[in-house]
Amino acid sequence: MRIGLLTDGGYPYATGESRLWCDRLVRGLPQHEFDLFALSRSARQEDQGWVRLPHHVSRVRTAPLWTPEDGTLRGSGEPRLLARLVTGGGVSYGRRDRKRFAAHVRALATAICATEDTGTDPATGQGPGAELFTEGFYGLAELARERGGLRLALRSEATVRILEAASRARGAGRTVQSATVVDHLAFAAELERVLRPLSLDWYEPESLGAVDLCHAASGGAAAIPGLLAKRFFGVPLLVTEHGVQLRTHYLAAPDASFGAPVRALLGTFHTLLATEVYRQAALVTAGNTHVRRWQQRCGADPAGQRTVHPGMAAERFSAVGEHDDAGGPDTLVWVGRTEPAKDLIALLHAFAEVRRAEPDARLRIFGAPAEGGEGAMYLAHCRALAAQLFPDEATGAHTEGVNPVTFEEIGGPEVPDLAEAYAAGGVVVLSSVVEGFPISLVESMFCGRATVSTDVGAVVEVIGGTGLVVPPRNPRALADACIALLRDPERRARLGAAARARALELFTVEQNLAAFRGIYLELISHAPVRREVDAVDADGEPLLFAAPAEARLLGPWTQPQPAATGARVPRRAAAGAEPAPEPVCVPATACGTGDGDA
């Protein structure tokens, strides 16, 4: 099977989200051929290069989602004629194409600006806003495929005027109606940036049209090429999300430099895009139930969803998990990135309560500041608070029992690797206020450690009764749970053993690969296709196995279907070429050598 793996800011680049998961997926399924279609997020990411790719990755195509001039809006300085403004990546549009472009942008803008809910169409299951969104979205994609890129056109004064008119129209939200010209300019620039995948040259029969299945490693921009591959060639789409792109956008919106109108417009756009992605996907897999609920809120059909937990390497923690030593019996361990979402402030206040009840207790914090100045400032704030709560910390003493709180980095002589960090204590603590899939929690479970966690994200789903869970932002509850485990070594041992058994059953790389191996076969079984080969070889002799066996049987699977229905269209018909030759029956004796590709 030929899989088109679609990524956004990750694999095959050496840095980025989902890089490790994608690499394990590709290497773990060598029976399939992979074509990689990767979107990069920055020049720095591209400069750091790719990971080493296995032999069954046959092709890699990359495209940037950034340009050196990002942040500037062409056409915003002086009035110009529409004919000069509406261009597509250096290609001037004629009069007819200008009308097409304006109509598609108008439909897209109307869908984004409108907020009134007038119900859904029973035939399509879509509301008027979603229908207008798909009309504009796919219309722009078809225009880009025929005439060239949309970059300059979407940043033009014509686009800004259309956005302004849509925001003033009846039915637009109050926040959107308050948008200024500056807001419209900013949103036009962001809209062009997120729609850059429409202008790629990937949508050809020998590119995305040649794969059997598109697998988007995340929603959002990574899934856009998959939407168009299905639209143009009928290629089925599989979407995997370990975190929800829409949720990430909502969490990041307050920190952006945009005003409220731009944030509202971007939020509506991403919601409509997520809804279309889930509607068109043959299957949507979620890394946990928390993500799955978000997908359903955006319109994902529960019947088309499946939970597949991300696989993690358990073998690196086996040495810790298999022996009976419970680490420092009076030591609490925290592992992660030091950033506000981890709420180390609450943990330090909770440990002050623990220290009063258990004077010999220690807290070892293993981590490094998150990228950016905010992470370093937060770490400095946590150190200052620890020095205030525990004056012995300020002295710099390192004697056992004198220094109750330590901030350490993994890689030193005392703690050379991650497994040793978890082995340093008897209880592992997670104090986050925001969490997706808690990786550090699973790692501690592999190590057979009892855990105390806050009830955020997928924590309860991961723990499953093998640890203690308390409300977030509640130092008193966190302290009580830690004290209960520190005082009961037998309970710690039972919980740790149960946690390790659960992690080995649900969260290993092997279970993740087995799930996707079955999903690939399941999806392709519903979309059989003729191979893109001739029925005869160079000498004019019949080519063995030129068509799958089901092509010889009468039935709906042998009849071309319109691409809009979501059924797989034979690639020759989709590409506008001549119909494929009739299948050739080969005598049984001719294929007895076993050299054919079945």
Side-chain angles (χ1 to χ4, degrees), residues 6-10 17-18 39 41 65 107-115 117 120-121 124-138 140-141 173 176 187 190-198 214-231 236-253 256 262-308 436-437 457-458 566:
L6 314 176
T7 65
D8 173 16
E17 298 177 0
S18 298
L39 301 171
R41 284 290 173 176
L65 281 183
L108 198 66
T110 302
I112 294 170
C113 294
T115 59
D117 185 5
T120 59
D121 184 350
T124 63
Q126 291 182 278
E131 290 181 354
L132 285 172
F133 177 84
T134 56
E135 176 186 338
F137 179 82
Y138 291 116
L140 289 174
V176 172
F187 177 67
E190 290 301 308
L191 183 64
E192 179 274 321
R193 186 174 291 109
V194 76
L195 290 180
R196 282 176 190 170
L198 300 184
C214 280
H215 186 176
S218 66
I224 291 178
L227 290 176
L228 301 191
K230 180 177 181 181
R231 178 81 172 188
L237 172 62
L238 168 65
V239 177
T240 293
E241 289 183 314
H242 295 118
V244 179
Q245 293 288 327
L246 182 62
R247 175 179 177 272
T248 303
H249 168 77
Y250 283 148
L251 292 175
V262 178
R263 294 200 300 268
L265 291 168
L266 287 173
T268 304
F269 172 83
H270 286 291
T271 300
L272 290 169
L273 177 60
T275 301
E276 178 62 12
V277 168
Y278 298 148
R279 189 175 71 90
Q280 294 293 343
L283 188 67
V284 179
T285 67
N288 54 73
T289 304
H290 178 67
V291 172
R292 187 168 178 167
R293 288 195 296 265
W294 268 88
Q295 293 170 340
Q296 291 176 6
R297 287 173 63 93
C298 296
D301 181 5
Q305 287 182 288
R306 199 165 300 173
T307 300
V308 181
F437 186 83

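Computed from a predicted structure; not experimentally measured.
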Q) How close do C113 and L265 get, heavy atom to heavy atom, and via which atoms? A) SG-CD2, 3.8 Å

Q. So how far is it from T7 OG1 to L39 CG, rounded to the nearest 0.5 Å?
A. 6.5 Å

Q: Working to the nearest 0.5 Å, report the span between CD of Q305 and CZ of R293.
A: 11.0 Å

Q | Sequence-distant partners of E190, salt bridge (Lys or Arg N to Asp or Glu O under 4.0 Å), two or more places apart | A | R193

Q. Does the pair R41/D8 count as a salt bridge with the N-to-O cut at 4.0 Å?
A. yes

Q.
Please evaluate residues I224 and L273 with respect to the criterion side chain to side chain contact (heavy atoms under 4.5 Å, CB included), reporting the C-alpha separation (whole Å), side-chain torsions for both, the decisive distance (0.1 Å), and the verdict.
A. CA-CA 9 Å; I224 291 178; L273 177 60; 4.2 Å; yes

Q: With sequence neighbours excluded, tell me which residues meet ring pair (Phe, Tyr, Trp, His ring centres under 6.0 Å) with F137.
A: F133

Q: Tell me, with the steps shown, if L108 and L195 meet side chain to side chain contact (heavy atoms under 4.5 Å, CB included).
A: CA-CA 12 Å; L108 198 66; L195 290 180; 4.0 Å; yes

(Q) Run the side chain to side chain contact (heavy atoms under 4.5 Å, CB included) test on D301 and Y278 for me, step by step, so that the C-alpha distance in whole Å, both residues' side-chain angles and the decisive distance to 0.1 Å come before the verdict. (A) CA-CA 8 Å; D301 181 5; Y278 298 148; over 6 Å; no

Q: Decide side chain to side chain contact (heavy atoms under 4.5 Å, CB included) for V194 and H270; before the verdict, give the C-alpha distance in whole Å, the side-chain angles of both, and the deciding distance to 0.1 Å.
A: CA-CA 9 Å; V194 76; H270 286 291; 4.0 Å; yes

Q | Partners passing ring pair (Phe, Tyr, Trp, His ring centres under 6.0 Å) against Y138 (at least two apart in sequence or in another chain) | A | none

(Q) Run the salt bridge (Lys or Arg N to Asp or Glu O under 4.0 Å) test against R306 and tell me which residues pass, sequence neighbours left out. (A) E522

Q. For the residue pair R292 and P302, what are the closest heavy atoms and their distance?
A. NH2-O, 3.9 Å

Q) Just wondering, do C214 and L227 contact through their side chains at under 4.5 Å, heavy atoms? A) no

Q) Looking at residues at least two apart in the chain, or sitting in another chain, which of them share a side chain to side chain contact (heavy atoms under 4.5 Å, CB included) with R297? A) none

Q) What pairs with T240 under side chain to side chain donor-acceptor pair (under 3.5 Å), at least two apart in sequence or on another chain? A) H215, T285

